[in-house]
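I have placed the structure first, in the form of structure tokens, so that the comments after it can refer back to it.
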There are 2 protein chains.
Amino acid sequence: KPQKERQRLPVVPQGIERDDFLKALAELKELLGDGNVEINDKPLRDGWYMEHPNTHDMMTILDEEEFVASAVVYPGSTEEVQQVVLWANKHRVPIFPISMGRNLGYGGAAPRVRGSVTVDLGRRMNKILDINAEDYTCLVEPGVSFYALYEALKERGLEEHMWIDTPDLGGGSVIGNTVDRGVGYTPYGDHWACHSGLEVVLPTGEVIRTGMGALPNNNTWQAFPYGFGPYSDGIFSQSNFGIVTKMGMTLMPNPGGYESFMYTFPNDDDLAQLIDIIRPLRISNILENVAQVRHVTQYIAASGHPRSKFYTGPGPVPQDVIRAAAAETPVGDHAWAYYGMAYGPAHIRAHKLALIDREFRRIPGARRIDPATLPADEYFWSRDRVARGVPDIHELRWVNWAPNGAHIAFSPVSPIRGADARRLFALGRRLHDKYGIDFFPAFCVGLREMHLIVEIVFDRDDAANKAAALACLRDLVDEAAREGYGEYRTHLVLMDQVAGTYSWNDGALMKFNERLKDALDPNGILAPGRCGIWPRRYRGRGWEM
Amino acid sequence: KPQKERQRLPVVPQGIERDDFLKALAELKELLGDGNVEINDKPLRDGWYMEHPNTHDMMTILDEEEFVASAVVYPGSTEEVQQVVLWANKHRVPIFPISMGRNLGYGGAAPRVRGSVTVDLGRRMNKILDINAEDYTCLVEPGVSFYALYEALKERGLEEHMWIDTPDLGGGSVIGNTVDRGVGYTPYGDHWACHSGLEVVLPTGEVIRTGMGALPNNNTWQAFPYGFGPYSDGIFSQSNFGIVTKMGMTLMPNPGGYESFMYTFPNDDDLAQLIDIIRPLRISNILENVAQVRHVTQYIAASGHPRSKFYTGPGPVPQDVIRAAAAETPVGDHAWAYYGMAYGPAHIRAHKLALIDREFRRIPGARRIDPATLPADEYFWSRDRVARGVPDIHELRWVNWAPNGAHIAFSPVSPIRGADARRLFALGRRLHDKYGIDFFPAFCVGLREMHLIVEIVFDRDDAANKAAALACLRDLVDEAAREGYGEYRTHLVLMDQVAGTYSWNDGALMKFNERLKDALDPNGILAPGRCGIWPRRYRGRGWEM
Ligand SMILES: Cc1cc2nc3c(=O)[nH]c(=O)nc-3n(C[C@H](O)[C@H](O)[C@H](O)COP(=O)(O)OP(=O)(O)OC[C@H]3O[C@@H](n4cnc5c(N)ncnc54)[C@H](O)[C@@H]3O)c2cc1C
Ligand SMILES: Cc1cc2nc3c(=O)[nH]c(=O)nc-3n(C[C@H](O)[C@H](O)[C@H](O)COP(=O)(O)OP(=O)(O)OC[C@H]3O[C@@H](n4cnc5c(N)ncnc54)[C@H](O)[C@@H]3O)c2cc1C
């Protein structure tokens with residue numbers, strides 16, 4: 001958008017006068033250097049994934065000005081992060097930390113409170129502080145992406161020795177993804193469970209190191225996560241209780257071999273049986289990674305072609321059109337596809353693959369797809385890369401489904417049970433039909449639970465389209481909660497609603513979170529509203545949405 | 001001790017007059033019923049493991065009256081726990097929750113502050129609320145022991161379907177052990193990592209459920225640990241921030257076979273090479289369980305014979321005496337023994353065991369012990385049971401080493417590296433020699449770290465013996481910390497000292513813990529001093545020891 005279209009430049013956070021705010025920013029420039037504080041008075045450009053903005057949500061479902069930063073600041077060290085925090089307390093300015101700001105589908109780089117000062121940690125704090133090839137660990141700063149970590153292993157000749165784990169898109173930050181409790185697809189896919197040790201700047205400016213990091217001269221910060229006394233790392237994930245400036249991460253030893261496999265199943269109704277087959281195999285680690293069970297509609301979208309290539313009518317593309325398109329692909333017609341990987345030497349893989357094959361074939365019409373029949377740009381190969389920790393961005397392709405394509409995720413958690421999968425699938429289908437939206441369900445199967453990830457793709461320049469997507473999401477969240485399903489993570493716009501579904505005992509957990517928030521952040525400066533947690537200064541003033 | 005020897009009956013906690021305290025206890029009796037509040041005015045009996053006291057540390061290293069309860073209360077429900085907490089706030093009485101109080105080596109059932117009212121949760125809250133054979137999970141109350149959980153699986157015919165994980169002694173509480181971050185020896189040995197979902201009564205009386213437990217009607221509380229928003233479980237482990245009244249635990253699917261193995265190594269100096277061999281095998285999960293690398297002295301003690309059978313002189317038993325005794329055993333002479341288990345079907349185990357054998361035999365003199373040569377009461381078979389989740393108490397035997405045997409543990413964490421093992425072994429040997437104490441080191445090898453567990457066995461009726469043990473421990477903690485090693489867990493008497501070693505950045509972590517403590521427990525009633533965390537009412541008043 002050209003600059004003149006923006007109404008107020010810059011946006012001034014509530015509770016401070018424009019002049020005082022500009023003076024405060026000038027003060028911040030003196031602390032961090034002129035070039036490290038940018039007032040957000042420029043046009044809001046969405047760019048694309050690799051050149052994403054840090055001022056707003058490039059895939060916003062509201063107006064872009066809704067979740068917009070007033071300024072962006074680039075600290076270069078933990079000490080400078082402390083200075084920013086003290087500055088924010090002094091001037092009562094809300095700040096919002098991002099590592100890289102590629103949290104697409106969940107709000108991108110945008111702050112929850114309009115006019116917050118975004119603390120872009122990644123720009124200058126992007127060092128890999130340690131890679132330990134003996135312990136299979138590393139220590140990183142917020143600006144280290146999955147790509148960068150992977151490249152560093154290569155540079156040191158260690159990529160055959162140990163693997164990283166990457167989410168579907170490799171451009172995110174190891175810290176940013178992990179503190180939002182993101183997932184990847186090797187056996188180290190539960191990033192939170194795989195981290196070891198944090199350095200955190202508290203909202204009042206002190207800096208702590210958790211776990212063994214609190215012991216001077218230790219050599220175990222990345223080897224043993226717990227340390228002594230309360231294990232506090234968890235409260236710094238999906239919260240607004242601190243700014244993580246360093247994090248340890250464990251790395252996976254090369255398993256001595258790997259082999260991707262793919263099965264397809266012919267009917268929508270096969271889902272329940274498939275999920276029940278998966279459960280014991282997954283819990284027993286015969287299925288070893290966070291596999292994806294994907295519906296054919298998203299598979300067609302992952303070809304990267306726009307929806308209009310297949311169908312130009314209103315409402316969801318009819319399933320027979322989708323199925324006909326699938327029949328034309330190298331994979332062939334199907335309703336569901338399972339993408340997995342077996343790890344280890346050949347004879348060990350053979351053992352597991354034989355068990356899997358026997359079980360999967362109990363479903364009539366199950367087909368194992370021979371990878372040798374799949375061309376190099378098939379989606380399968382991107383899953384193959386990701387499941388062995390090689391960063392990728394193929395997954396972005398289905399965002400092209402709509403013109404000016406953007407997306408937002410609905411991600412409820414359920415047990416790995418057929419009955420639950422069927423219920424969630426029916427719920428999603430019904431509500432997508434109601435709002436005329438194409439339905440992209442993919443079940444990501446963790447160890448004892450699965451995240452259903454439903455991506456709603458919308459045209460970010462079409463207000464009606466955005467409104468329908470949001471209404472659909474709000475219904476999904478509420479109806480799922482009524483049936484006992486809650487989201488594992490969510491977009492800024494849904495945070496209050498999702499947090500509200502975790503309401504047991506009259507909202508006891510949120511009251512507890514608020515107690516912690518007020519103790520740790522008495523001035524309420526750090527990411528107010530994130531994950532539904534509002535500091536005292538904001539509560540009861542209509543900030544929820 | 002006969003009752004007349006006790007000086008004051010009952011002990012009255014500081015800050016409240018004797019009469020007011022007795023009145024308060026009467027009030028508590030009205031709330032919970034007469035039989036559920038016991039004034040501790042009886043003789044302090046130590047009993048033995050299976051009939052342990054809940055009034056004091058049956059293995060105390062100080063005078064028994066030092067860590068002694070004024071009364072014991074038995075709530076029967078979460079609501080009654082809430083009542084106890086509100087009562088404690090009203091009267092400013094310190095309370096100390098235990099699940100079963102078998103925390104031997106770390107303080108047993110004793111409270112940190114003399115005269116605290118012990119909240120013995122396990123006596124009446126001992127139900128297994130759920131066993132889910134599909135998800136491989138359970139939900140338990142504090143009084144459920146590893147034995148009880150195992151028996152419940154048997155009763156339901158599920159013991160072939162899934163396994164529990166048990167520490168060396170099976171009489172402890174699943175909750176008590178897990179919140180103290182204890183470990184067992186199957187691949188599910190990291191109990192904290194294997195739990196899913198807590199119900200917690202806060203120090204101000206509110207009750208929360210963590211993770212998915214906060215979502216009404218959920219069916220994922222035990223399947224997905226994190227939920228939405230801050231993951232707060234960790235702050236309820238090794239702390240005094242809440243009372244856990246329910247906990248979910250994951251269970252291990254039967255791996256389809258298992259096989260214990262044992263290797264011995266001839267020289268003390270083989271340790272470093274052995275540990276370096278173990279590291280990559282362990283991190284790659286070729287070595288799959290928390291194995292023990294045990295020194296021969298403790299092996300001899302585990303025979304259950306008193307030290308006097310082998311040696312009656314002062315100071316540590318000479319190593320040649322120990323080695324001669326070992327030569328007489330079915331295992332034969334050795335310095336170190338490795339106890340491990342391979343899991344899975346026979347051909348999968350064979351693959352792993354062959355790799356292990358090749359690596360272990362790189363150490364000159366390494367011997368694989370054929371289990372068929374070992375009699376039924378060999379220590380090996382107790383490790384075998386424990387490594388497949390069958391509760392046991394054989395491990396108690398080495399406590400007989402001293403008359404009136406008691407013990408206390410020193411448990412530093414290090415990376416799995418030979419150099420660290422050598423350093424810790426030398427440190428331990430030197431300080432044990434200095435104080436004339438037999439040295440029992442066992443390395444418990446986790447995934448990327450090991451806990452060295454050094455058990456000091458002492459005569460609880462011998463003041464000089466106790467004093468030497470304590471002095472040795474204090475030196476061990478300080479000298480280890482100076483070299484960068486910190487304890488993963490500790491005894492009541494050492495909590496302040498150990499917490500003090502986690503001092504990075506001027507004790508920033510403890511200040512943070514104190515901030516949380518004051519926010520959650522403004523009256524400082526819950527387990528003051530536990531893990532070194534003192535509430536505001538106690539700080540700066542000389543409570544530390
Ligand atoms: C097509 C597509 C596929 C995707 N697939 C996956 C997937 O497979 N798995 C997955 O997990 N995600 C996935 N995502 C979502 C997202 O892209 C990734 O999770 C990404 O890694 C998050 O962005 P980031 O790493 O730059 O984090 P950031 O945007 O930097 O951080 C995310 C949030 O965490 C908080 N935060 C970040 N850093 C800090 C810090 N240092 N201290 C305190 N708080 C902080 C902030 O609130 C921030 O908004 C996908 C997105 C798209 C578009
Ligand atoms: C020979 C021997 C071998 C041992 N081997 C092992 C071993 O292999 N692994 C191991 O982990 N331990 C071991 N131990 C130590 C100990 O016996 C076990 O850890 C035991 O399980 C702890 O006792 P408990 O379960 O009864 O816990 P409790 O004594 O009930 O609890 C321990 C502490 O945790 C806190 N706590 C307990 N319940 C709650 C609650 N509900 N809410 C809040 N706080 C609570 C309290 O402060 C309490 O003092 C061993 C001990 C001996 C003597």
Side-chain angles (χ1 to χ4, degrees), chain A residues 134-137 181 202 206-209 212-220 223-224 226-235 237-239 241 250 253 279-280 283-284 348 351 413-415 417 448-449 484 486-488 498-499 501-505 508-509 512-513 515-516 519 531-533, chain B residues 134-137 181 206-209 212-220 223-224 226-235 237-239 241 250 253 279-280 283-284 348 351 413-415 417 448-449 481 484 486-488 498-499 501-505 508-509 512-513 515-516 519 531-533:
Chain A
E134 293 196 324
D135 294 346
Y136 297 85
T137 60
R181 296 205 300 263
L202 299 177
E206 302 87 348
V207 54
I208 62 171
R209 290 187 177 174
M212 302 305 292
L215 194 100
N217 304 319
N218 78 82
N219 59 358
T220 39
F224 181 61
Y226 302 140
F228 176 80
Y231 175 48
S232 42
D233 291 32
I235 65 171
S237 69
Q238 288 193 8
S239 77
F241 298 164
T250 59
R279 186 185 53 255
I283 301 179
S284 310
I348 301 292
H351 165 71
V413 171
S414 84
R417 294 202 213 128
R448 279 177 175 75
E449 51 72 40
E487 276 62 57
Y488 96 99
V498 168
T501 65
Y502 286 77
S503 61
W504 184 80
N505 193 19
L509 188 62
F512 171 72
N513 287 337
R515 185 114 59 103
L516 292 184
C531 293
I533 304 167
Chain B
E134 294 196 325
D135 295 345
Y136 297 82
T137 61
R181 296 203 301 261
E206 301 87 348
V207 53
I208 61 172
R209 289 187 178 175
M212 301 306 291
L215 194 99
N217 303 318
N218 78 81
N219 60 358
T220 38
F224 182 61
Y226 303 140
F228 176 79
Y231 176 46
S232 41
D233 290 32
I235 65 170
S237 69
Q238 287 193 9
S239 77
F241 297 165
T250 58
R279 186 184 55 255
I283 300 180
S284 311
I348 300 292
H351 164 72
V413 172
S414 84
R417 295 202 214 131
R448 279 178 174 75
E449 50 72 38
E487 276 62 57
Y488 96 99
V498 168
T501 64
Y502 287 77
S503 61
W504 185 79
N505 192 19
L509 188 61
F512 171 72
N513 288 337
R515 183 112 61 104
L516 292 184
C531 293
I533 303 167

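Reminder, nothing fancy here: chain letters follow the sequence lines and each chain counts from 1.
- Contact of the Gln238(A) side chain with the Phe228(B) side chain is registered, since non-hydrogen atoms from C-beta on lie closer than 4.5 Å.
- To the nearest 0.5 angstrom, Tyr231(B) atom OH is 13.0 Å from Ser232(A) atom OG.
- Side chains of Pro253(B) and Pro280(A) form no contact here, defined as non-hydrogen atoms less than 4.5 Å apart.
- Heavy atoms closer than 4.5 Å to chain B are found in both the backbone and the side chain of Arg209(A).
- Contact count versus chain A (heavy atoms, under 4.5 Å) is highest, among Cys531(B), Gly213(B), Gly532(B), Ala481(B), for Cys531(B).
- Note: Thr220(A) leads Thr137(A), Thr220(A), Asp233(A) in heavy-atom pairs under 4.5 Å with chain B.
- Using a 4.5 Å cut-off between heavy atoms, Leu509(B) touches chain A through backbone and side chain atoms alike.
- Electrostatic pairing of Glu134(A) and Arg448(B) does not count as a salt bridge here, judged by no charged N lying under 4.0 Å from a carboxylate O.
- The candidate from Gly486(B), Gly234(B), Ala499(B), Ala508(B) with the greatest count of non-hydrogen atom pairs under 4.5 Å with chain A is Gly234(B).
- In terms of heavy-atom pairs under 4.5 angstrom with chain A, the leader among Ala519(B), Gly229(B), Gly227(B) is Gly229(B).
- Leu516(A) touches chain B through its side chain: at least one heavy atom from C-beta onward sits under 4.5 Å away, while N, CA, C and O do not.
- Exactly one of Val207(A), Asn217(A), Leu215(A) qualifies for a side-chain contact (heavy atoms from CB on, under 4.5 Å) with Trp504(B). That residue is Val207(A).
- Across Val498(B), Ile283(B), Thr501(B), Ile348(B), the residue that shares the most heavy-atom pairs under 4.5 angstrom with chain A is Ile283(B).
- When heavy atoms are compared at a cutoff of 4.5 Å, Asn513(B) approaches chain A solely by way of its side chain, counted from C-beta outward.
- Residue Phe512(A) touches chain B through its side chain alone, counting heavy-atom pairs closer than 4.5 Å.
- By the 4.5 Å heavy-atom criterion applied to side chains, Arg515(A) and Glu206(B) are counted as neighbours.
- Residue Asn505(A) touches chain B through its side chain alone, counting heavy-atom pairs closer than 4.5 Å.
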Start with the C-alpha distance between Tyr488(A) and Tyr226(B), add both sets of side-chain angles, then the distance that settles side chain to side chain contact (heavy atoms under 4.5 Å, CB included), and finish with yes or no.
CA-CA 8 Å; Tyr488(A) 96 99; Tyr226(B) 303 140; over 6 Å; no
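- Contact tally against chain B (heavy-atom pairs below 4.5 Å) for Ser239(A), Pro415(A), Ser503(A): the top residue is Pro415(A).
- Proximity of Pro230(A) to Ile533(B): side-chain heavy atoms (C-beta onward) are separated by under 4.5 Å at one or more points.
- Residues Glu449(B) and Asp135(A) fail the side-chain proximity criterion, which asks for heavy atoms closer than 4.5 Å.
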